[in-house]
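For reference, the structure is listed below as structure tokens.
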There are 2 protein chains.
Amino acid sequence: MADGMALTARRKRLPPEARREQIVDAAVCYFAEVGLAGTTRDLAKRAGITQALLYQYFGSKAELLEAVFARVYLDRMSPRWPGLITDRSRSLRERMLTFYAEYTGAIFSYEWLRIFMAAGLAGEALNRRYLDHVRDVLLAPLLEEIRFAARPDAQPEMEDLWNLHGGIIYLGIRRHIYHLPTPDDVMPVIERAVDRFLAGFAIGH
Amino acid sequence: MADGMALTARRKRLPPEARREQIVDAAVCYFAEVGLAGTTRDLAKRAGITQALLYQYFGSKAELLEAVFARVYLDRMSPRWPGLITDRSRSLRERMLTFYAEYTGAIFSYEWLRIFMAAGLAGEALNRRYLDHVRDVLLAPLLEEIRFAARPDAQPEMEDLWNLHGGIIYLGIRRHIYHLPTPDDVMPVIERAVDRFLAGFAIGH
DNA sequence: TCTTTAATTGGTCAAATGATCAACGACGGG
DNA sequence: CCCGTCGTTGATCATTTGACCAATTAAAGA
């Protein structure tokens, strides 16, 4: 019946840039779901193109995965965060809550968490570079701010900050890696965690 | 020269149970390193046996992986922990520190963490069952204990406990999944985290 | 020592997979 | 309306991989 309609949908011609975008989009979704060992054929089928076309835009599967990594990580690290963290015109608590609201808003996605974890297991250097960046650009300044606000006899270490950070990230891991039920709104949990953390270093609101 | 010696080493005949054990041991190590998509041939090579021999002991790769999961998870959940957690003759802080010392001692291994994470990504139901067990048998009783000790106006929720738990587990993830440097001794970090947590609910030592 | 048992192996098959290429055909320019 | 460009496709190749089986041989019992 609708045969004519369905058949006319085949062989759509796209400008290279648009096609490339479409492939990377589909690849992000596909590899997040089935893991980095997913096949180029399944990916092509899901993207509605032929497998051969993938190799028109990417020289190899590894090259395609590079594009996937770039897409997933790029622009998910807001350049505003370092400035936000060190803005002493706002209370430290307020800064931390705003930061973690935006940060979890950026990375608590099915695609990001699963591809990041898969890349970690695969030994991709990308993860270490990313987390080094998190430590140097976000956590280190934040540690400075907390130390500045904390009593001299209760100074936190970087490991304490990783502990706070990990407790928050673990929420996303439970949700997207293990498929366990988690609160729809993560902010109340994060708020309490930040409050406990700051109180632990004798920092009031 | 040493040819005779080297050649006599080939084709060692083992009793089935011992050979099976050896295969599972090698498989745990191998799959933890390369991921669950590792090949039976590489595994066999590493185990010093032929690939065909794997199929003498396991009907399929999936069945072998089942044995790997069983090996990794079995007996890593001590039956002593529930009793330890609810033993009110000891201080809550002491119980929590003892528990997390033993718990991290049990699961902070390269093999456990990586296979557990890979299984989670692969969608194995095992992970959910394991974490449900952790919640029901360990965290739920622990939550009861903390609520008992906490002030009525500062009662923790399960999500707060997951937050503490996650912050601790994240240490192992950084170490074994992301290969990032972490403290050799995790207990000082855990001790401070537990202390902040308890203080947050107005529980003294 | 001889026989029997079964643990182990080399060889092989079928399917899956990454990668390649000649040919097709949709689109824009003349 | 025709033509040339190039995005796209179907077919195909070389490996890899899970799985299987007949032949081999180490080890135990008579």
Side-chain angles (χ1 to χ4, degrees), chain A residues 3-28 30-31 33-69 118-119 122 124, chain B residues 3-28 30-69 118-119 122-124:
Chain A
D3 264 317
M5 301 297 284
L7 289 174
T8 54
R10 70 187 173 186
R11 186 87 92 125
K12 288 184 297 188
R13 197 187 178 90
L14 286 184
E17 201 42 55
R19 179 67 79 189
R20 191 187 161 94
E21 288 291 299
Q22 179 217 350
I23 291 177
V24 175
D25 280 345
V28 165
Y30 173 71
F31 288 119
E33 189 173 316
V34 309
L36 304 187
T39 70
T40 56
R41 274 170 230 270
D42 279 351
L43 165 60
K45 190 178 299 179
R46 178 180 299 203
I49 60 175
T50 51
Q51 184 232 9
L53 190 56
L54 293 176
Y55 288 85
Q56 178 77 9
Y57 294 89
F58 304 95
S60 65
K61 183 184 172 182
E63 198 175 301
L64 170 59
L65 283 177
E66 286 296 318
V68 167
F69 293 151
E124 296 285 338
Chain B
D3 263 318
M5 302 297 284
L7 289 176
T8 54
R10 72 187 169 185
R11 183 89 90 125
K12 285 185 296 186
R13 197 187 180 90
L14 286 185
E17 200 43 54
R19 178 67 79 188
R20 191 187 161 94
E21 288 290 298
Q22 179 217 350
I23 291 177
V24 174
D25 279 346
V28 165
Y30 173 72
F31 287 119
E33 189 173 317
V34 310
L36 303 187
T39 70
T40 55
R41 275 169 229 272
D42 279 351
L43 165 60
K45 191 179 298 177
R46 177 181 299 203
I49 59 176
T50 49
Q51 183 235 7
L53 189 57
L54 294 176
Y55 287 86
Q56 178 76 9
Y57 293 90
F58 304 95
S60 66
K61 184 183 171 183
E63 198 175 302
L64 169 58
L65 283 177
E66 286 295 318
V68 168
F69 293 152
E124 296 284 340

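Here is the naming used below: chain letters follow the sequence lines, and residue numbers restart at 1 for every chain. Note that the structure is predicted; figures quoted are calculated from it, not measured.
- For Val28(A), the side-chain contact (heavy atoms from CB on, under 4.5 Å) partners are Val24(A), Val68(A), Arg71(A), Val72(A), Glu111(A), Ile115(A), not counting sequence neighbours.
- Taking atom CG of residue Leu36(B) and atom P of nucleotide dT17(D), one finds them 15 Å apart after rounding to whole Å.
- Contacts of residues 53-66 of chain B with DNA chain C (heavy atom under 4.0 Å): Leu53(B), Gln56(B), Tyr57(B).
- Applying the salt bridge (charged side-chain N to carboxylate O under 4.0 Å, His left out) rule to pairs touching residues 49-66 of chain A yields nothing, sequence neighbours excluded.
- Among the heavy atoms of the strands lying under 4.0 Å from Pro16(A) are primed sugar atoms or P, OP1, OP2 only; no base atom is included.
- For Asp42(A) and dA15(C), the CG to C1' distance is 14 Å, given to the nearest whole Å.
- In this structure, the side chain of Tyr30(B) engages the main chain of Thr39(B) through a donor-acceptor pair within 3.5 Å.
- Phosphate proximity of dT8(D) to Arg19(A): present, with a side-chain N or O under 4.0 Å from OP1 or OP2.
- Between Tyr30(A) atom OH and dT17(C) atom C1' the separation is 11 Å, expressed in whole Å.
- Among the heavy atoms of the strands lying under 4.0 Å from Gly38(B) are primed sugar atoms or P, OP1, OP2 only; no base atom is included.
- Of the side-chain N and O atoms in Thr40(A), one or more sit less than 4.0 angstrom from OP1 or OP2 of dG18(C).
- One can place CZ of Phe31(A) at 12 Å from C1' of dT17(C), the figure rounded to the nearest angstrom.
- In this view, Arg46(A) and Glu33(A) satisfy the side-chain hydrogen bond (donor to acceptor under 3.5 Å, both in side chains) rule, not counting sequence neighbours.
- Taking Ala119(A) as the reference, Phe69(A), Tyr73(A), Glu124(A), Asn127(A) meet the side-chain contact (heavy atoms from CB on, under 4.5 Å) condition, with sequence neighbours excluded.
- Between the CG atom of Leu14(B) and the P atom of dT25(D) there is a distance of 18 Å, rounded to whole Å.
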Please enumerate all protein N or O atoms sitting under 3.5 Å from an N or O of nucleotides 11-16 of chain D, with distances to 0.1 Å.
none

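- Side-chain contact between Leu65(B) and Leu36(B) is present, with heavy atoms from C-beta onward closer than 4.5 Å.
- With sequence neighbours left out, Arg20(A) forms a side-chain contact (heavy atoms from CB on, under 4.5 Å) with Glu17(A), Tyr57(A), Phe58(A), Ala67(A).
- Comparing dG18(C), dA6(C), dG10(C) by their nearest atom to the side chain of Arg13(B) picks out dA6(C).
- A search for side-chain hydrogen bond (donor to acceptor under 3.5 Å, both in side chains) contacts involving Gln22(B) returns Arg19(B), not counting sequence neighbours.
- Two residues are said to be in side-chain contact when any heavy atoms from C-beta on lie closer than 4.5 Å; Ile23(A) and Leu64(A) meet this criterion.
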